[in-house]
Every structure is written in C-alpha cells, then in structure tokens.
Amino acid sequence: MKNSRKYAPQFILPPERCMDWAEKPMVERAPVWCSVDLRDGNQSLVEPMDLHTKLQFFRLLAELGFKEIEVGFPAASDTEFAFVRRLIEDGLIPDDVTIQVLTQAREHIIKRTFQALEGAKNAIVHVYNSTSVAQREQVFAKDRAQIKAIAVEGAALLKKLADEAGENYRFEYSPESFTGTEPEYALEVCNAVLDVWRPEPGRKAIINLPATVENAMPHVYAQQVEYMHRHLSRRENVVLSLHPHNDRGCGVAAAETGLLAGADRVEGTLFGNGERTGNVDVITLAINMYSQGVDPGLDFSDMPRIASLYKQYTGMSVGPRQPYAGELVFAAFSGSHQDAIAKGMDFRRKTGREVWDVPYLPVDPEDVGRVYESDVIRINSQSGKGGVGYVMQTAFGIDMPRAMKEDLGYKVKHVSDEGHRELKPDDVYDVFRRSYLDSRASFDVVACHFRQGGGIEAEVTFLRGGRTDTVVAAGNGRLDAVSNAIKAYLGIDYALSGYEQHALSQSSDSKAISYVCVRAGDRSFFGAGVDEDIITSSCKALVSAVNNMLA
C-alpha cells in the first residue's frame, strides 16, 4: 500500500463551528426508528427476498416495534410493486405503522410510486437526488442550480400528486451523498424543498441526511448534522433524520454523534445489513441506549430468535462477535474474567442491587434472551477456578470450597488443553465426577457402623483387591473415627484439613454433598460424596480424598 498520495479527504466541513454536540455525554432519548431492511437491506443481498419472505420480514419488523418501515422502491420492479400492493390490499399494515417508499425525483417514477400506494392509510414518500461534488461532476455533469432544480421539481410533483389523490402522505427528502456535499449547498437544496412542501405541525416533513458512503470520522458527520439542525427553515416542523453507512466501520458512532447533534430519527437495518460494509446497525444502536438506561422503544429481548429469522430471510450470517447478538459476545473464557463475573453475580444476589454493573457484561445477557449457563461462562484451556466454580454451582448446584475449585480448574484446563476443545457443563461435571466422586482405585468402604461411649467408635469394613477387612477405631467425631480406621488399615498418615457440606437442592428429599480435604506434607487432596445421609456422604468424600492422595 504505497499510493496513499492518490487519496484526499472527500468531506467538507461547515462554514462555522458546530461542536455543541460534543458537550453532551450520551443520547438521552430514543429517536424515531425507520427500518430500511426491505429496501437498502434487500437490494444488497446476493439473492433478494421473494414476496413471501418480504412479508414475513415485514411482520417481524412490526413485531419488534418499528413504527416506520421502508418497504421498497415500488417503481423499480414488478416484485417491489406487488409487495406494496399486497401489504395494502390484504390489510397487513398495523394501524400504528407507517410504510415508506423510495422514489427518484423523476416524474414517471414518482407517478408509478403513487399508483403503488393507492389505499394506504399511513405512508411516507421518500424522494432523493444526489448532491455531492463528485456526483455532480462525474455522474450528472450538472451544476448546482441544475441539481437543485431536480430536487425542487421532484418535491413539487410529490405535493401535486398527493393533493390530487386527496392523500395526507408525509414527505421525505434526501440529498444523497450528503457527506460529500458542501454543507451550505445541502442546506440551500433542503430549504428549497421545504419551501415547496411548507410542512405544518400535523404533517411534518422529513429531511434525511445520508452518509451514503462514509467518508469521514464520526465527529465530522456530527458537525455537518448540527449545521443543518441549526439552519433548516421551518425546523419545528421538520423531522431531521440520519442514514449512516458503515464504510469506515463507524456507522454506529456516526449515528450516536448525529443524534447528539440534533437529529430526531435514524434509518438503519437489523445487524447492519446493507451495501458494501452495510447500513448502521439498529440493534447495536438501540441496545447501546438501553445499556445506559434509555428505553429504545424496540424489543430485542429474544435475540437468538431474531438472529435465526434474519439468517433465514436474508441468507446472511450473524458474526460470533456481533455486538449484543453474536454467539460469543457474552462468553468469558479467561479465568480472570470468569472469576470477576462470578463474583459480580454473587454480589448482586447477596445485595439485591438493582443497577446492572457486573464486570465484563455491559448488559444483562438475560435481557436479550441469552442463558448464563451456556452463553456467559464458557470453559476451555484459558479458564480458571472462577468459571469452573460458576458452572458447577449454576448448572448442578455444587458449591465447592475455594481451594477445591482451584484444583478442579487445573484438571478441567488439562482436559481442554489436551483435547483442544471447549468443554460444555456436562463435560466439566464429568471431570468432577471422575476426580472426586468416583475415586476408588485403591480401596473402598462398604459398611460403617458407629457406637457411642466416651467418644465415637467406628467399625469400618473395607474392600481392597477383592478382599474385605474390618477395622475398629475411635475418634472425636464420626468422620474422625472413620479417618483413624483408614489410617490404621492402610498404615498411612495425613491430616484431615477441611470439611464442608450442603444440600444439593431446596426440596425435602434433597441429597447432601460433602467435600473433604486431606493434607499430606505440603500437598492437599480433595474428595466429594453424595448421599441422602450427611454422615454417609462425608465418609464417601473422605474415601475419595484418600484415594486421590494414594494415586
């Protein structure tokens, strides 16, 4: 890449400083949302949607809460025209939803568009023409006055046809390639269009500012938008709209700064589908707002379903790291991340905190239909005790002592590293079972009876190498007595250094799980046991721990 000198900035800054937006820390209210999935999104697909699929997608968009939906360019093809007619004639448009149609500022195209809209209750007619320096010079070979005339004539024809049809359609105008247009000239053209339409409080006009090709950093777009916001005529009767594309990967940031700069409305698509690198992603924008306490007015609470339907309708994919929606966006493999999340969730449970501030999770995964056990804490060779402990507790109700979590963490890490794979919760439990519940390679206890006198005496029957033997030993408690019997039987010594137990559930017939740690020299060994009887579960845990020591 040695030819950077052939490139130069294509944007033009406003003639005055427009930086009021930079003093605002966040977007404090949701914009009017307009989905352009069925137009911008559809025209960018390798195989555009058929009529049936477009109808399904329209229903989904209405279900998600979009009140304005651009349904197509009805003059562009018979399929587009038929789709608009089907929506209207079959009564498929909810009363609170406005359909929007796109048309170029050309007479025969506008007339065909009005034919498609006949009978629509609520409609926006969106007319556009390109105003940028590059388009004027290279595509149309027209000067400023001629390009402005196209916009004014198109606006006048829209008004004339709407008046003749007796329809109260709303109008939208886009100076296409706005970001490559001189701001003063874009303002001149838009004000000329508004002079034709003369919008009123009950019938506001939409002025839409497309970053048709994103050619600058977001703060440049914000300055251009703020300039228009300050100087548009009849501003109180104008809905100022944004239509960012994502060529520089900054579509979301451009939309957010544009809203800070005074815009009222955003046109975008689900998951950012659109030509080249796509349109602005409405899902990311909306949940960004949601994560800061602003209700976006759209419902993305079942993200897995939305993503599945989107892929079905469009043939597109949703990347695993797509913000808020990707398969891995909430996944924590890192041991330190898992530990922080687990502690944050535990802190929430103990304190009853309402505000969401769990480390590493910008939003509550459950709010977008994700599941903690399978989506958040993911186990592989990078995981640690926090993640492994979290999975065992949330998936199986097993709350191990801290040191035992660390021990299991190393064992799980080894299994994952050796197999070069992620471990599911059942895989983690299998490592736990083999390591602590089923450890009986050296010996087992098949019977245990207790007698109480001055202390506790245990009569323990052992099984080793197919042979049974009984040993009697005393202790200061039942587990201590069994431990002394094991030491005598095997001729070994160790310290019983840890013991914990809890119920596996809250039901009346819940089993108990016990954890035992024995220490020999400077090493600790762990075992676990499960039984309806607490003493039996404790003895099982001790037997496993000693077997692990002998191994």
Side-chain angles (χ1 to χ4, degrees), residues 9-34 68 131-133 172-195 197 199 201 204-268 279-282 284-297:
Q10 300 297 308
F11 60 85
I12 304 166
L13 286 169
E16 64 190 52
R17 177 181 170 83
C18 294
M19 293 291 292
D20 290 350
W21 61 270
E23 301 298 322
K24 303 172 184 177
M26 59 178 280
V27 178
E28 295 184 345
R29 62 182 177 87
V32 175
W33 301 105
C34 177
E68 295 182 3
T131 58
S132 69
V133 175
E172 175 176 345
Y173 173 70
S174 290
E176 191 196 1
S177 304
F178 164 75
T179 50
T181 304
E182 307 90 334
E184 313 96 297
Y185 177 60
L187 179 68
E188 178 186 333
V189 174
C190 290
N191 280 340
V193 167
L194 292 172
D195 287 342
W197 288 341
K204 292 185 177 183
I206 300 168
I207 295 295
N208 187 52
L209 305 178
T212 308
V213 177
E214 187 179 37
N215 63 7
M217 294 173 69
H219 76 286
V220 172
Y221 186 51
Q223 291 180 72
Q224 294 169 331
V225 171
E226 186 172 306
Y227 178 78
M228 299 293 284
H229 168 61
R230 288 181 184 180
H231 299 292
L232 276 172
S233 63
R234 301 176 171 83
R235 179 66 183 92
E236 70 280 4
N237 295 325
V238 172
V239 176
L240 187 57
S241 178
L242 307 174
H243 186 105
H245 278 252
N246 197 44
D247 298 86
R248 291 170 57 95
C250 300
V252 169
E256 290 179 324
T257 54
L259 289 170
L260 294 177
D264 312 299
R265 180 179 186 266
V266 173
E267 295 186 343
N279 288 53
V280 69
D281 178 4
V282 168
T284 301
L285 264 177
I287 302 182
N288 280 356
M289 295 177 193
Y290 181 78
S291 72
Q292 295 186 332
V294 176
D295 183 356

Looking at every non-hydrogen atom in both residues, tell me the closest pair between [X] and [Y] and how far apart they are.
X	Y	value
Thr212	Asp247	O-OD1, 4.1 Å
Pro183	Ile12	CG-O, 3.3 Å
Trp33	Pro296	NE1-O, 2.8 Å
Asn191	Ser233	OD1-N, 2.8 Å
Ala30	Val294	N-CG1, 3.9 Å
Gly262	Leu240	O-CD2, 4.1 Å

- Dump the intermediate steps for side-chain contact (heavy atoms from CB on, under 4.5 Å) on Gln223 and Thr257, then the final yes or no. CA-CA 9 Å; Gln223 291 180 72; Thr257 54; over 6 Å; no

Decide yes or no for [X] and [Y]: does some side-chain heavy atom of the first lie under 4.5 Å from some side-chain heavy atom of the second?
X	Y	result
Leu194	Tyr173	no
Val280	Asn246	no
Pro31	Asp264	no
Thr284	Asn288	yes
Phe178	Tyr221	yes
Ile207	Val239	no
Gln224	Phe11	yes
Thr179	Glu214	no

- Message: Would Arg230 and Cys18 count as a side-chain contact (heavy atoms from CB on, under 4.5 Å) here? Give the steps.
- Response: CA-CA 9 Å; Arg230 288 181 184 180; Cys18 294; 3.8 Å; yes

Quick check: are there more than 12 heavy atoms from other residues, nucleotides or ligands sitting under 6.0 Å from [atom1] of [X]?
X	atom1	value
Tyr290	OH	no
Met217	CE	no
Arg29	CZ	no
Glu28	CD	no

Please report the interatomic distance [atom1]([X]) to [atom2]([Y]), rounded to the nearest 0.5 Å.
X	Y	atom1	atom2	answer
Cys34	Leu242	SG	CG	12.0 Å
Ser177	Gln10	OG	CD	11.0 Å
Met19	Leu260	CE	CG	11.0 Å
His245	Asn279	NE2	CG	4.0 Å
Asn215	Arg248	CG	CZ	8.0 Å
Met228	Leu209	CE	CG	5.0 Å

- Task: Could you walk me through whether Leu259 and Met289 pass the side-chain contact (heavy atoms from CB on, under 4.5 Å) test, one step at a time?
- Result: CA-CA 12 Å; Leu259 289 170; Met289 295 177 193; 3.7 Å; yes

- Query: What residues, two or more places apart in sequence or in another chain, satisfy side-chain contact (heavy atoms from CB on, under 4.5 Å) together with Val32?
  - Reply: Glu68, Arg265

- Query: For the residue pair His229 and His231, is the inter-centroid distance of their aromatic rings smaller than 6.0 Å?
  - Reply: no

- Task: For Gln292 and Met26, indicate whether the former's side chain and the latter's backbone hold a donor-acceptor pair under 3.5 Å.
- Result: no

- Message: Just to verify, what does Glu188 make a salt bridge (charged side-chain N to carboxylate O under 4.0 Å, His left out) with, not counting sequence neighbours?
- Response: Lys148

